[in-house]
Amino acid sequence: MSVVKPRVMQGVMELLPRQQIAFQGVFDTIRRGFERFGYAPIETPAVELTSVLLTKTGGETEKQVYFVQSTGARDQGKDPDLALRFDLTVPLARYVAKNEANLTFPFRRYQMQRSYRGERPQRGRYREFYQCDIDVIGKESLDPRYDAEVPAVMIGIFEELEIGDFTVQLNNRKVLLGLLESVGIDDEARPRVLREVDKIDKRGREYLAETLAGDDFVLPSATIDKVLAFLAIDGSAREVVDALSQQGIDNETFNEGRTQLEAVIGSLEALQVNPSRYRVNVAIARGLDYYTGTVYETFLDDHKDLGSICSGGRYENLASNYTKSKLPGVGMSIGLTRLFYLLQELDLVDSTASAADVLVTQQDPELYAEYLALATELRAAGLRTESVVEPWKFKKQMKYANATGVPFVVIVGASEHDANQVTLKDMVGGDQVTVARSELIPEIERRRVAAQNRDDA
RNA sequence: GAGGGUAUAGCUCAGUUGGUUAGAGCACCAGAUUGUGGUUCUGGAAGUCGAGGGUUCAACUCCCUCUACUCUCCCCA
């Protein structure tokens, strides 16, 4: 008999229970971080109408979209009219446009769902991946100071996750565009130059200089020197912002960008965000053209090579494809699947977690009903409790307990039963105590508190 | 879409200039006498050597094709 090899599509993350528990922990921490700032949850379907999803996306994105089609439609040779979302921003735009009348603005929402891209998988890149987004959508206008709240939310989350040192790099596209304008680069060429500038941290200054001098741009060396000199601005966020006003650049775009950046840094300071968690990187532009102002990228300081784990920016008009209303917004997105992959690589995932707190074993089959009653009691006390149901040899029950990682095992044999006692075994320490049955729950609680204090210390 | 690399047990990998029955570690299952796991010892199960073709007395080994996986570039979380 032949069996089908139990494979999964490449580029998906599928976890074993112990890891999944750790993943849920990260997921919950992120969600709590969003809720702490009062963001409202929404979900949208994984499948969107093709006509909605692919309104004006460039060729690059469209090539990566998974289409969805019934077999009936396929057999008739029809083009798919459904597709899987490739991010959460486009569905958000559709959602806001659709529900505009029923939403309160500024609309601050979080959304934690999977997205899909038919990409060639690579280290830390997936075809199915979780995105955890927050966005603030305004009606007609949205104060630039919201551009500080969004990274403040993210920084709080990353600090709570204890993932090591990280830096949110921020910038304002208008600053860069104003610079390019001031050195006389054509309106048409500026977005293309921006994309090259954005890669300077990866490719280096020389490469950028050569590219800008090359056939695609043919910029004079004096211009390139000015750009490179500007990109060398470095320091704390406050220092960079101060330096911007001394560059001798004076055009509307630049000044607007600089003022906004100042407002953002001022708000971050007022929010008392740790200044070592963010910096202004004047080279950051982001590839996506719909960003118009503030842009963000987040890297783990020790693993910049793995790419950004959280990024986003400000867009002037989110839903112009779906409504005539002007809806500006700002948002950031955590790539949770990539982040979790990183945490595993760095051995920062606590895989000791178990799905249950207590396992009630089966010492004497005659007492089975009592074991179930005891388990019910433990659950009522808020303890996640599992009963051994199979009539296994006791040794096998203990092996099972060890394999699932449950921290406590309850043992009641004939002797304990007759004395109205129970034995509690601590699987981590290895010791065990026999106590009055009524003392079981307090005893477990005492030990959990003690273990918690050990971890915190 | 362009260019490299790899393919042997569930996992990570050995396998000599082609030669007889393809191995190890981990994992798994079972034992080491009464109600105790994670350490140790013993035993067991497990492979169409990615698929197809060619060379040869003989192919896991050499050649060709295909497939899958993987890395880099592009792009992004």
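Proteins come first, then strands; the chains are lettered A, B, ... in the order of their sequence lines, and each starts at number 1. Computation of the quantities below employed the complete heavy-atom set of this structure, encompassing side-chain atoms and omitting hydrogens, waters and symmetry-equivalent molecules. Everything numeric here is computed off the predicted structure, so don't read it as measured data.
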Is there a donor on the side chain of A/Gln10 or the base of B/U70 sitting less than 3.5 Å from an acceptor on the other?
no
Just checking A/Gly430: base, sugar-phosphate only, or nothing, at a heavy-atom cut-off of under 4.0 Å?
base
Counting only distance, no hydrogens or angles, is the base of B/G37 paired donor-acceptor with the side chain of A/Gln432 under 3.5 Å?
no
Whole-Å gap separating P (B/U36) and CD (A/Gln362)
15 Å
Sugar-phosphate only, base, or nothing, as touched by A/Glu128 at under 4.0 Å among non-hydrogen atoms:
nothing
When you compare B/C62 with B/A46, how far apart are their P atoms, in angstrom units rounded to a whole number?
29 Å
Which pairs with one or both residues in residues 396-428 of chain A pass ring-ring contact (aromatic ring centres under 6.0 Å, His included), sequence neighbours excluded?
A/Trp392-A/Tyr400
Give one of base, sugar-phosphate or nothing for A/Gln131, where a contact means two heavy atoms less than 4.0 Å apart.
sugar-phosphate
Say we look at B/C41 and B/A24: how far apart would their P atoms be, to the nearest angstrom?
15 Å
Please step through side chain to side chain contact (heavy atoms under 4.5 Å, CB included) for the pair A/Leu92 and A/Ile137, ending with a clear verdict.
CA-CA 10 Å; A/Leu92 171 67; A/Ile137 310 299; 4.0 Å; yes
Interatomic distance at C1', B/U20 relative to B/C57, whole Å
14 Å
Which residues share a ring pair (Phe, Tyr, Trp, His ring centres under 6.0 Å) with A/Tyr368, sequence neighbours left out
none
Take the protein atom CZ of A/Phe394 and the nucleotide atom C1' of B/G37, then report the distance between them rounded to whole Å.
9 Å
Which part of the nucleic acid, if any, lies within contact of A/Val412, taking any heavy atom under 4.0 Å across all strands shown: a base, the sugar-phosphate backbone alone, or nothing?
nothing
Just checking, is any N or O donor in the side chain of A/Glu160 or A/Thr29 under 3.5 Å from an acceptor N or O on the other one?
no
Would you call A/Arg32 and A/Glu35 a salt bridge, using N to O less than 4.0 angstrom?
no
Does A/Asn402 contact B/G37 through a side-chain donor or acceptor facing the base, at a distance under 3.5 Å?
yes
P atoms of B/C13 and B/C71, separation to the nearest Å:
13 Å
Can you check the distance between B/G18 and B/A2, where both ends of the measurement are the P atom (answer in whole Å)?
36 Å
Could you tell me how far B/C49 sits from B/A59 if I compare only their P atoms? Round to whole Å.
13 Å
Here the distance between atom C1' of B/A77 and atom CG of A/Leu88, to the nearest Å, is 10 Å
Residues at least two apart in sequence or cross-chain that pass salt bridge (Lys or Arg N to Asp or Glu O under 4.0 Å) with A/Arg277, listed by chain then number, are A/Glu159, A/Asp165
With a non-hydrogen cut-off below 4.0 angstrom, is A/Tyr130 in contact with a base, only sugar-phosphate, or nothing?
nothing
Here the distance between atom P of B/A77 and atom OH of A/Tyr110, to the nearest Å, is 22 Å
Hey, could you give me the CD/CD distance between A/Gln113 and A/Glu43, rounded to the nearest 0.5 Å?
4.0 Å
Partners meeting side chain to side chain contact (heavy atoms under 4.5 Å, CB included) with A/Gln260 (sequence neighbours left out):
A/Pro144, A/Asn172, A/Lys174, A/Glu256
P gap between B/U61 and B/A9, integer Å
15 Å
By nearest-nucleotide position on RNA chain B, the 5'-leaning member of A/Asp426 and A/Ile309 is A/Asp426
Report yes if a side-chain nitrogen or oxygen of A/Arg286 is closer than 4.0 Å to either non-bridging phosphate oxygen (OP1 or OP2) of B/C75; otherwise report no.
no
Partner set under ring pair (Phe, Tyr, Trp, His ring centres under 6.0 Å) for A/Phe166, not counting sequence neighbours
A/Phe158
Identify whether a stacking contact exists between A/Phe129 and B/A77, where the ring centres must be under 5.5 Å apart and the planes under 30° apart.
yes
What's touching nucleotides 26-31 of chain B from the protein side, N or O pairs under 3.5 Å?
unit_1	atom_1	unit_2	atom_2	d
B/A30	OP1	A/Lys396	NZ	3.4
B/G31	OP1	A/Lys393	NZ	2.7

Kindly indicate whether the side chain of A/Thr361 and the base of B/G35 share any N or O donor-acceptor pair separated by less than 3.5 Å?
no
Side-chain ion pair, A/Arg31 and A/Asp28, N-O less than 4.0 Å
yes
Partners of A/Glu128 by salt bridge (Lys or Arg N to Asp or Glu O under 4.0 Å), sequence neighbours excluded?
A/Arg114
Which residue lies toward the 5' end of RNA chain B, A/Gly429 or A/Ser311, if each is placed at its nearest nucleotide?
A/Gly429
Find the distance A/Asp198:CG to B/C74:C1' and express it as a whole number of Å.
14 Å
Nearest-Å distance for atom pair CD/C1', residues A/Gln111 and B/A77
15 Å
Contacts of type side chain to side chain contact (heavy atoms under 4.5 Å, CB included), residue A/Asp186, not counting sequence neighbours:
A/Ala189
Treat primed atoms plus P, OP1 and OP2 as sugar-phosphate and everything else as base, then score nucleotides 1-10 of chain B 5' to 3': B for base contact with protein heavy atoms under 4.0 Å, S for sugar-phosphate contact only, - for none.
-B--------
Any donor-acceptor pair under 3.5 Å joining the side chain of A/Arg125 to the base of B/A77?
no
Using a 3.5 Å limit on both pairing distances, list the dot-bracket string of RNA chain B from the 5' end; Watson-Crick and G-U wobble pairs count, crossing pairs take [ ], interstrand pairs take |.
(((((((..((((.....[...)))).(((((.......))))).....(((((..]....))))))))))))....
Using a 4.0 Å heavy-atom cut-off across all strands, classify A/Ile411 as base, sugar-phosphate, or nothing.
base
For B/G10 versus B/C29, give the span between their P atoms, rounded off to a whole number of Å.
16 Å
Name the nucleic acid region contacted by A/Ser415, choosing base, sugar-phosphate or nothing; use a 4.0 angstrom heavy-atom cut-off, strictly under.
base
Please report, rounded to the nearest Å, how far the P atom of B/G35 is from the CD atom of A/Glu366.
15 Å
For A/Asp431, check salt bridge (Lys or Arg N to Asp or Glu O under 4.0 Å) against everything at least two apart and list the hits.
A/Arg447
OP1 or OP2 of B/A32 less than 4.0 angstrom from a side-chain nitrogen or oxygen of A/Lys395, does that happen here?
no
In whole angstroms, how far is the P atom of B/C74 from the CD atom of A/Gln64?
14 Å
N-O pairing of A/Glu210 and A/Arg203 below 4.0 Å
no
Just grab all the side-chain hydrogen bond (donor to acceptor under 3.5 Å, both in side chains) pairs involving residues 8-24 of chain A, residues at least two apart or on different chains.
A/Gln10-A/Arg127
